[in-house]
Amino acid sequence: MESPSSVMGLAIVVAYAAIAMIDFTYPQLIGVENAYSMIPDYVNTVPQPPAWPTHPFGTTFPGIDLYQAIMAAIRVDLWYSFLIVLVGAIIGITLGVLAAYFGGYIDELLMRFADIFLSIPYLPFAIAVGFILGRELSDVSIALILVWWPLYARYARGQALSVKESAFVEAAKASGVGSWRIMIRHVVPNVLTPIFVQVSLDLGTVVQIFAALTFIGFASANALLPELGALISRGFQYAVTAPWVVFFPGMAILVFAIGMNLLGDGLRDALDPKYRTRRR
Amino acid sequence: MKLSQYVARRLVILIPTFLGLTLIVFSVTHVGGPQRLLGEYINPHSTVPADVQQQQLSARFHLNDPLVIQYFYWLVAFVQGDWGYTQTSIYSGRVTDAIALFFPNTLVLAILASILSVLIAIPLGVMSAVRKDSVVDEVTRVISFAGYSVPIYWLALLLIIAFASSSVCGCLNIFPKTGIVDIVLVGSIDWYRSGISYPTHVLLIDSLLHGSFDIFVDTVMHLILPVITLTYGIMAGILRVVRSSMLDTLNEDYIRTARAKGLSEKEVVNVHARRNALIPVLTVVGYLVAYLLSGVVLVETVFNYLGIGYWTTQALLGGDVGGVMGATVIFGLVYIFSNLVVDILYATVDPRIRY
Amino acid sequence: MVKTMSSSEREILLAGVGLKKHFPVMKGKWTRRAKHVHAVDGVDIFVRKGEVVGLVGESGCGKTTLGRLVLALLEPTEGALFFDAPENGTRRYAEIRGDIDRNPPRNKGDRRFLEAHSFEREFSVFRFGRKKRRHFRRNTHIVFQDPNSSLDPRMLIKEIIAEPLKAYHYGSRKEIQQRVLSLLSQCGLGPEFMDRLPHELSGGQRQRVAIARALAMSPKFIVLDEPTSALDVSVQAQILNLLKQLRCDFDLSFLFISHHLVVVRHMADRIVVMYAGQIVESGESEQVFSHPLHPYTVALLSAVPIADPNAHRERILLPGEIPDLINPPGGCRFHPRCQYAFEFCGWSAQEALEPFTTVLTSGRYPELGRLSKIVRPSIMDSYNFEIVVDGKISDNDVQAIYGAIRKETEEGVRSLSAVEEIRIQPSDEGSTLAVKLHHYIDPKLINVEGHWVKCHLYNENGIKLTSQSQTSLHGKHET
Amino acid sequence: MDEPLLKVEGLRIGFVTRTGVIQAIDDVSFEINSGETFGLVGETGCGKSQTAMAIMRLTPEGGVIENGEINFNGNNLTKNIKHEFVLIKKNGQVRLKRNKSELKRLNTEMGKIRGKHISMIFQEPMTSLNPLHSIGKQISEVVVKHNLDEIIDRILSRDNSDGEQLKEMATLAIRQKVTRERLLELARTKGMEGLADQIWFIINRRDIGSDQKIQAVSDLAERRIGTVTRKFLTTLKKTQGKIPIKYRVLSKIPLVKNRFMGAIVEEARAISYELLSLVDMPNARTVLDQYPHELSGGMRQRAMIAMSIAAKPRLVIADEPTSALDVTVQAQILDLLRDLKKAFGASVLFISHDFAVIAEICDRVGVMYAGNIVEIADLKELFANPKHPYTQGLLAAIPKYGDKRETLLAIKGTVPDLMHPPEGCRFNTRCPRAFEKCTQKPPWVSVGKEHMVLCWLFEDGQDHVE
């Protein structure tokens, strides 16, 4: 955890979190006038190049200040991604641990059920689900939760099973601890740690995919909602004539993803015994 | 037990998964209710009023029966290859025809990308693991890191800006922006009808078969940017896995043994480490395929590349049932079977697995 | 001192009767084919109050599984477990079981069955309900081999030790605190360890913590599963001393599982030797060590290295290794490696065919030279196999074969001792040697010279049989 | 015993971690004479395995030989360790930087020694064998690597041997039970010394009768090779295994390759088979094509041993070879090692934590504690009167076979943390007889014939009394 790269990752993530928080409380602090909807300037709808201090990142169609839009969008993306991973993880862990706990048919059933969700690559799957539900951001989130929980379920189940076999669980059993209590006191805590790492690794990915979905046309329902992917698709036609309209929003995603990945790697190295140096 | 039996058993195990897939697809088509489903069948110019038409059609398609029955009818039709119609900005007609048109293109893109990425990623990953913390390693890690952090569609856009337009520099405006081939070239050619080339449906091959190299070259030019984008994305993933797996392998006891035998580092890596390191890589290929196919959707969308991915996004926007359904099915099948292949491969290369 | 007190008159605390545990094995990733590892296969074991029973055997002989069974941490495939049950009742039950084995009843309604079942239903731990089980658990505990994995890495030492106390609602937080402190000090650890995590402790200290946890509810019976195997010699001594101390402080009963015979001898009053899932010998530790009876025990003891360069004793090197327990050898499971094994020890056609053919082909016996062209050997059933040899065979050839076989047997190819008779059958491509083997008999645990042995070399009267008397006694003759 | 085969002097090994350097080995010196078995005994983390790896020059990542000299059979294995690495210290953190070119040179040099002159047997036969390679492949690998010339000799001299000669040689050999040497010169007179080993192996087989043996020997002459192969091999023999330019390409092309390499691979396989039967591997023929996971622990260890003797090394390092095995199997393996040692006359460095095993097999013993050798003595001497308090403590701590003691004498405390070892004698924290002087670095004292001890108690040669 003390490696410079992971520290940098932490810094990036903290910065983004800070932006999101500020944007949530006092958007004016970072010069965002309206945090909930982008303000078009219909006087000059053509994208303008970056100009300090008025439009540090330039503007995009229809005359929206990119800087403000991105700042606001960061809050939206972070919030939804976090929601997706969290809910997905909770569902996954619960079902995975239950499967491991009961074993037998319930286990089979749950895992087969999870397999169904894993039978289609995540993006097409999300599209399909979105097609059913609708194209609001909330629908996108649900779609992605559906994509994500089976992964956590599998992972959690695997971890739980290995912990269940470990000697200290057997010792607890011999100590007269009830099997349910064993699950709560021993198995779950020992499962959570690796899952936590996984979550932090996924958060970066989820932000990407979330934006990707909005890019291919989800959430076009309310056009002026600040969202990074939507911003890029908004600038799509202007990409060649006015590169900045796609460049800056993409940058925002890229940097966050990098930060999250760095942090995740750091965490894994710190928590994974395999990476600890062993001598005999 | 013989391999054939193993394969058979795996196929049997696929059945529930496949049924699950059909369930999802079924819900895609039927949750929207009859209006959405029958949109393409209703003829606005007919004398019969629309709602009446819908009544008749609903009856014809058993849409008034309980869902279970509907599912059954649908499944039968589905298995018989009657997949309904699609109506999107890029294609309207039978879903099956659309697939015949789009799938080959997607396949070309995906296969090229995966081959390329494997060819690059494996040697690079092995090398960076062997020369841990060297400059090579550092560079490789940065590359792979950027690779799985970058939004792939954004990368595609940047490439277009850089190499398919003069916005950076006129001299770099080398490649065509979008599409699979310049329509002007294929406009009046007998073996290229309504977007489908014959006999193989793969323009890349057909153009060579008919010896028209200009078309071939043009197709290649159209392929380069999408392939690069996709390759980079997947390559990064493989690179990362290969490297870490190779590092683990190099810490194994049998590597120590190999060194104690007096083998040179080269022999140790080539004979003892590499194969062992690549086997665990196979286990994550599933995720990589998922990534690949998802990437295909985005890349195709950005490059307006006439493939399943582009089709499905268009269908999504246009609220077209057939397109989404067809694409979902295809992606699902490809994904399932690629995983099957990986499992079988895994069982054959590793003597420890008694299948 | 506990060891000096003859433990035989103390009453039985725990008794397992006819314990069996067969683990299903998945052959491969996807198959659910029913194959079983016969980890423990029909074991009777008992532990008296305040007694240390040493359970020895090589890895994979099922001693660990047995350890789990007697704590009901595993559900057995078969068998009953009695804890603090009326002693004569238990004895009676064991008798009935043995009787049933010897001559199985025709119908389910057999009187012995009913009696046995009623007793089981009342006293067998495996039949207990939740409440009675709790009581049983409360009085038993276990200490594992590897102290690193047997303590939850993310729990404080005090939490670990307090766990059983909490589970049985020992008392208020304060009382529990007190108890933990006293336990720590009993196990030679200071109060400063209370708030540490396992990985901050050395192996020895961790094992002390594990022991403290085992003692928490002051149980009567503790299973020690290789408690010192993961530790260094100097630390091992500390732990062994501690265990001895505790044992006579609290008059505990131990089941001391170990592959390290010298340690077991140091600790145990009584020894139980397991091989391939069965008990081959058991008895007072001194007796078993000073004159072992079962060939396996003899070999095992002779194989133990002695930390004394001047000690010289002839060593019996066992051929081969422990059989796989998925399909264990018939009869006495030790017979394939036993140097005394004879015709009734459990030889099957599969085992005898190969050496038999080598006798013909090896060319050690010129007189058999013309039989060395074997067309095709084939196994009929587990007692018969045939070998087709081209050319005509006469009776003197057969006699010659008998001779060769006898010679080979004496030279140590014991499987050939099982050959009962060889018949000649003319057949189209040459002539067939039809070889018939003796039917084998499963050995029973019998009392010999004050300890129990499971081996055909000894008969019910505890007389060691010589090779001749073996055959004569069973009223059979090699031709 | 004029010149010792292996001579380790003042060996110091440090393990570089972020926070500092761990003194895993500190000033270790010992000798191994040719033909003797030297035992290193000590508890976990005392550095016995590290010493072994240092001799192989295979110290694991992060470990460096800071000081000392290792001499093997006249050549110095630690020529310029000073240049192999540098320690970069900055703001409290230590980083290790190795000298790449130096490392390359070292590995090329050691490559000629590892496996050929010094070979190794490891503790975990399961993890120490490559799971994806058949046993045969893993053994023949060594043979081809180190004994290529022997292989070629065998093929060629078999090629121009003649059945009749072989036959009479075999009959002679069998009738008068000749020794290996005798057979060798017999073969030399007939000009087929290359075959001596193979014949020797055949006439020593247990599974077949003498006539078959003779038959088998004379059959050797039947196995001929093509002219192309012969030419290739003869040139290869001239160039000592370096593939000449004109063949370099050909010997890479798959199918064509076999014309050249096929014979060698075949022979290596045959030799591997002989080795396996030499270590009493049950049905060796099939084992050749089996994978490690298909064998039992004992068989794996036998395969390991076969591999280690493949190149007839001068020194075999056995690192806890029996610790993972059961008692009965352990007995088999120890027995095997004893026999092989007799047969090959190699020296053995036997590492174990178990005094009993050491007592079974060693001639001389060094006792290690926390990175030091604290006592070296002849086996009997050591057990008869151990001098160092630690040795005494250990011996007292083992439950003896059939001793009636109720409580064992345990050594109090635990092994010190080597990041900051205690001042002076590293045992002084646990030593029952420690006194003020023990905080200074103890001297090596000779307390009898070939009996050295690292302790202040014996400063003037005999036990000094407080």
Side-chain angles (χ1 to χ4, degrees), chain C residues 1 3 56-61 202-205 231-242 244-245 259-267 286 289-290 296 299-311 315-322 324 337 358 361-366 369, chain D residues 42-46 207-213 215 280 282 296-299 322 325-332 334-335 353-362 378-380 382-384 390 393-403 405-415 430:
Chain C
M1 188 59 218
K3 202 159 182 177
V56 301
E58 299 178 276
S59 63
C61 71
S202 75
Q205 292 166 330
L231 305 176
D232 277 320
V233 189
S234 60
V235 186
Q236 161 176 304
Q238 297 171 0
I239 297 297
L240 290 181
N241 290 342
L242 172 65
K244 281 208 161 204
Q245 190 52 45
H259 66 281
H260 200 314
L261 281 89
V262 186
V263 172
V264 173
R265 174 177 207 179
H266 176 75
M267 292 296 290
E286 279 323 306
F289 273 97
S290 49
Y296 174 66
L300 191 64
L301 292 179
S302 82
V304 177
I306 305 178
D308 173 10
N310 305 324
R315 151 165 301 150
I316 304 155
L317 282 182
L318 286 180
E321 298 184 26
I322 303 132
D324 97 46
R337 302 174 71 186
T358 29
T361 52
S362 70
R364 281 190 65 208
Y365 306 95
Chain D
E43 297 179 288
T44 317
C46 71
D207 54 343
I208 54 173
S210 47
D211 354 13
Q212 269 122 328
K213 287 177 182 174
Q215 194 50 47
D280 307 331
S296 68
M299 288 163 87
T322 62
L325 304 175
D326 282 318
V327 189
T328 54
V329 183
Q330 167 172 290
Q332 296 169 358
L334 288 178
D335 198 56
H353 66 283
D354 185 346
F355 260 106
V357 176
I358 291 283
E360 289 283 331
I361 196 164
C362 295
D378 172 85
L379 180 72
K380 289 209 164 77
L382 186 77
F383 277 84
Y390 178 63
L394 274 187
L395 287 172
I398 316 167
K400 293 280 175 326
Y401 194 83
D403 65 351
R405 294 178 303 161
E406 267 319 322
T407 53
L408 306 159
L409 305 166
I411 305 174
K412 66 178 198 299
T414 51
V415 187
R430 302 173 70 186

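Side-chain atoms are counted along with the backbone in the values below, which use heavy atoms only and exclude waters and symmetry mates. Letters A, B, ... mirror the listed sequences (proteins, then strands); counts begin at 1.
- No side-chain heavy atom of D:Pro399 sits less than 4.5 Å from a side-chain heavy atom of C:Met267.
- Heavy atoms of C:Ser202 lying under 4.5 Å from chain D belong exclusively to its side chain.
- Considering all non-hydrogen atoms of both residues, D:Leu394 and C:Val233 come closest at CD2-CB, 4.1 Å.
- For C:Gln236, the part sitting under 4.5 Å from any heavy atom of chain D is the side chain, from C-beta outward, and nothing else.
- For the set C:Gly320, C:Ala299, C:Ala307, the count of heavy-atom pairs under 4.5 angstrom toward chain D peaks at C:Ala307.
- Interface remark: of the candidates C:Asn310, C:Leu240, C:Ile239, C:Asn310 forms the most heavy-atom pairs closer than 4.5 Å to chain D.
- Heavy atoms only, all atoms of each residue included: D:Ala410 and C:Gln238 are closest at CB-CG, 3.5 Å.
- Counting heavy-atom pairs closer than 4.5 Å to chain D, the top-ranked of the candidates C:His259, C:Glu321, C:His260 is C:Glu321.
- The distance from atom CG of C:Leu317 to atom CG of D:Leu334, rounded to the nearest 0.5 Å, is 9.5 Å.
- Judged by distance alone, with hydrogens and angles left aside, the side-chain atoms of D:Gln332 form a donor-acceptor pair with the main-chain N or O of C:Leu318 at under 3.5 Å.
- Here the OG1-CD distance, from D:Thr414 to C:Gln205, works out to 6.0 Å after rounding to the nearest 0.5 Å.
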Determine, stepwise, if the pair D:Asp335 / C:Arg315 fulfils side chain to side chain contact (heavy atoms under 4.5 Å, CB included). CA-CA 10 Å; D:Asp335 198 56; C:Arg315 151 165 301 150; 5.8 Å; no
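- Closest approach of D:Ala331 to C:Ala303, counting heavy atoms only: CB-CB, 3.8 Å.
- Residues D:Ala356 and C:Pro305 approach most closely at CB-O, 3.4 Å, considering heavy atoms.
- Here the closest heavy-atom approach between residue C:Glu58 and residue D:Asp326 is recorded as OE2-CB, 3.1 Å.
- Annotation: the span from D:Ser296 atom OG to C:Ile322 atom CD1 amounts to 8.5 Å, rounded to 0.5 Å.
- Between C:Ser234 and D:Arg430, the closest side-chain pair of non-hydrogen atoms falls below 4.5 Å.
- When the candidates C:Asn241, C:Asp324, C:Val235, C:Leu231 are compared by the number of heavy-atom contacts under 4.5 Å with chain D, C:Asn241 comes out ahead.
- Of all the listed residues (C:Ala237, C:Pro309, C:Pro319, C:Ser290), the one sharing the greatest number of non-hydrogen pairs under 4.5 Å with chain D is C:Pro309.
- For the atom pair CG of C:Leu301 and OG1 of D:Thr328, the computed distance is 12.0 Å after rounding to the nearest 0.5 Å.
- Here D:Ile398 contributes atom CD1 and C:Ile306 contributes atom CD1; the two are 12.0 Å apart, rounded to the nearest 0.5 Å.
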